[in-house]
Visitor: 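Would you mind keeping the following structure in view while I ask a few things?
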Amino acid sequence: MHYYAVVCSQQSIYYAPLANVETEKMDALQNQILKLKEEKNAVILGHNYQRKEVQEISDFLGDSFGLSVQASKTEASVIVFCGVDFMAESAKILNPEKMVLHPNLKSKCPMAGMVDVKSLRELKAEHPGAPVVSYVNTSADVKAETDICCTSANAVKIVQSLPDEKIIFVPDTNLGLYIQRFVKDKEMIFWPGYCPTHMNIKKDDLVKLRTEHPGAEILVHPECTPEIIDYADYAFSTEGIIRHIQASAKNEFIIGTESNMLHRLRRESPGKVFYEVPNATCPNMREISLEDVRDSLTRIQYKIELPTDIIRKARVPLERMIKAGR
Ligand code: 13P
Ligand code: SF4
């Protein structure tokens, strides 16, 4: 809602936009959060899919890999993790002595919920000796059953680095199939997991956008289906998409991933033009509001707590992943 006021000066009288109530409310909340953050010696880590206003108060924005690295080296006493559950858990696993707050417990990744320890143990028993590579989009107890984690930023590199001929890869089949394009000499056992958001990206929509914007490059996430990856120009992690755009001489891009990414892209590459793919929203990532972040810092909620033995076991595959790099 916009309000207009008559502004009088000695020379003239004119109408000027004065304030937007929603914007004022957000600015006030953001300032309150920044103050609380200082008081509590907290750092706010935000995923690239967070709402625009949450991105704006994050100390670090990034993909799952970048945020894990930030979490592992932060000197703050409190980490407020604005991302889905498994990301906040990873921050706790990497910093067991620190307080990790997840501002909204409804922010859960459905893909991470598609694999459980019992079924994974059964799969391991069917393929004795095959190492388990888990996408970070998994729970802490699945990580505790894992040999090495990966993110979309380093999945190919990590699978390539393993000496084994057979690998169990959980839970994202699409990411697994993407890896297999580059790793031909290994048998990969997949899990029937998927990301509902990236499954919503349809080829017809990309074809339409390409027809409307023939000069635009199509960039997608490796959680998309093989058909989408084949049609796109490139597939990258969210941070990979940002880096590619910054280094590219091109001016127009069709972004085949969660559409909140476009806020960061537009802020950091203001001279470039971005087109949003329809229906690419992750409601789970959008759960976290500024009010939730404020409440997490005032009420100290919701603390991530994990059993010590799970932390000890899950830390090994996460640290191996960080050591392997991007
Ligand atoms: P990135 O690691 O590429 O940011 O992806 C995380 C995610 O959840 C994608 O859906
Ligand atoms: Fe999970 Fe997909 Fe949402 Fe990423 S976009 S958090 S993989 S549901």
Visitor: Should Glu223 and Met111 count as side-chain neighbours, where that means a heavy-atom distance under 4.5 Å?
Guide: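 Glu223 reaches Met111 side chain to side chain.
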
Visitor: For Val136 versus Phe86, what's the shortest heavy-atom pair and its separation?
Guide: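 Taking Val136 first and Phe86 second, the nearest heavy atoms are O-CD1, 2.9 Å.
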
Visitor: With rounding to the nearest 0.5 Å, note down the distance linking NZ in Lys124 to CD in Glu145.
Guide: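 Answer rounded to 0.5 Å: 4.0 Å.
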
Visitor: Distance-only check: which donor-acceptor pairs under 3.5 Å involve side-chain atoms of residues 68-75, not counting sequence neighbours?
Guide:
from	atom 1	to	atom 2	distance (Å)
Ser68	OG	Ser64	O	2.9
Ser72	OG	Val69	O	2.7
Thr74	OG1	Ala76	N	3.2

Visitor: With a 4.0 Å cut-off, would you call Asp59 and Lys37 a salt bridge?
Guide: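 Salt bridge present between Asp59 and Lys37.
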
Visitor: Mind checking whether Tyr135 and Leu120 sit in one hydrophobic cluster, side chains of I, L, V, M, F, W, Y counted as touching below 4.5 Å?
Guide: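 No, Tyr135 does not connect to Leu120 through the hydrophobic network.
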
Visitor: Does Arg121 pair with Asp116 as a salt bridge, N-O distance under 4.0 Å?
Guide: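 Judged by the 4.0 Å cut-off on N to carboxylate O distance, Arg121 and Asp116 do not form a salt bridge.
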
Visitor: Can you tell me which residue among Lys272, Arg264, Arg266 is in a side chain to side chain donor-acceptor pair (under 3.5 Å) with Glu268?
Guide: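 That would be Arg264; it is the only one of Lys272, Arg264, Arg266 passing the side chain to side chain donor-acceptor pair (under 3.5 Å) with Glu268.
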
Visitor: Of the options His47, Gln50, Lys106, Arg51, which is the one that meets Ile288 in a side-chain contact (heavy atoms from CB on, under 4.5 Å)?
Guide: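 Between Ile288 and the candidates, side-chain contact (heavy atoms from CB on, under 4.5 Å) is satisfied uniquely by Gln50.
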
Visitor: Determine whether Ile93 and Val142 fall in the same hydrophobic cluster, where Ile, Leu, Val, Met, Phe, Trp and Tyr are linked whenever their side-chain heavy atoms lie under 4.5 Å apart.
Guide: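 Ile93 does not cluster with Val142.
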
Visitor: Go through the steps to decide whether Lys25 and Glu291 satisfy the test side chain to side chain contact (heavy atoms under 4.5 Å, CB included), and finish with yes or no.
Guide: CA-CA 11 Å; Lys25 202 177 132 203; Glu291 283 85 353; 4.0 Å; yes

Visitor: Count I, L, V, M, F, W, Y as connected when their side-chain heavy atoms are under 4.5 Å apart, and connections chain through other members. Are Ile300 and Ile33 then in the same cluster?
Guide: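 Ile300 clusters together with Ile33.
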
Visitor: Should Lys323 and Glu319 count as side-chain neighbours, where that means a heavy-atom distance under 4.5 Å?
Guide: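 SC-SC contact between Lys323 and Glu319 ruled out.
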
Visitor: Does the Ser248 side chain pair with the main chain of Lys250, one donor and one acceptor, at a distance under 3.5 Å?
Guide: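 Yes: the side chain of Ser248 pairs with the backbone of Lys250.
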
Visitor: Can Ser77 and Met99 be said to form a side chain to side chain contact (heavy atoms under 4.5 Å, CB included), step by step?
Guide: CA-CA 7 Å; Ser77 342; Met99 189 191 290; over 6 Å; no

Visitor: Can Arg210 be said to sit on top of Tyr275's aromatic six-ring, NZ or CZ under 6.0 Å from centre and within 45° of the ring axis?
Guide: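 No, a cation-pi geometry is absent between Arg210 and Tyr275.
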
Visitor: May I ask you to test the Cys109-Asp85 pair for a side-chain heavy-atom distance under 4.5 Å?
Guide: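 Yes. Closest side-chain heavy atoms under 4.5 Å.
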
Visitor: For Thr257 and Val220, run side chain to side chain contact (heavy atoms under 4.5 Å, CB included): C-alpha distance rounded to whole Å, both residues' side-chain angles, the deciding distance at 0.1 Å, then the answer.
Guide: CA-CA 6 Å; Thr257 191; Val220 301; over 6 Å; no

Visitor: Report the distance from atom CD of Glu53 to atom CG of Leu29, rounding to the nearest 0.5 Å.
Guide: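 Going from CD on Glu53 over to CG on Leu29, the span is 9.5 Å.
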
Visitor: Within this structure, what is the CZ-CG distance for the pair Phe274 and Leu265, rounded to the nearest 0.5 Å?
Guide: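 Answer rounded to 0.5 Å: 4.5 Å.
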
Visitor: Return the minimal non-hydrogen interatomic distance between Ala216 and Asp233, and the atom names on each side.
Guide: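 Closest heavy-atom pair between Ala216 and Asp233: O-OD2, 4.3 Å.
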
Visitor: Is the centre of the His244 ring less than 6.0 Å from the centre of the Tyr234 ring?
Guide: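 That pair passes the under 6.0 Å test.
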
Visitor: CZ of Arg286 to OH of Tyr49: how many Å apart, nearest 0.5 Å?
Guide: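 Separation between the atoms: 11.0 Å.
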
Visitor: Is Leu105 linked to Ile44 within one hydrophobic cluster, defined over Ile, Leu, Val, Met, Phe, Trp and Tyr using a side-chain heavy-atom separation of less than 4.5 Å?
Guide: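 Different clusters.
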
Visitor: Apply side chain to side chain contact (heavy atoms under 4.5 Å, CB included) to Lys303 and Leu101, showing your working.
Guide: CA-CA 5 Å; Lys303 279 188 206 170; Leu101 301 176; 3.8 Å; yes

Visitor: Between Ile310 and Val132, is there shared hydrophobic-cluster membership here, with clusters defined by ILVMFWY side-chain heavy atoms closer than 4.5 Å?
Guide: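 Cluster IDs for Ile310 and Val132 differ.
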
Visitor: Once you round to the nearest 0.5 Å, how far does CD of Glu276 lie from CG of Asp205?
Guide: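 Here the rounded value is 11.0 Å.
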
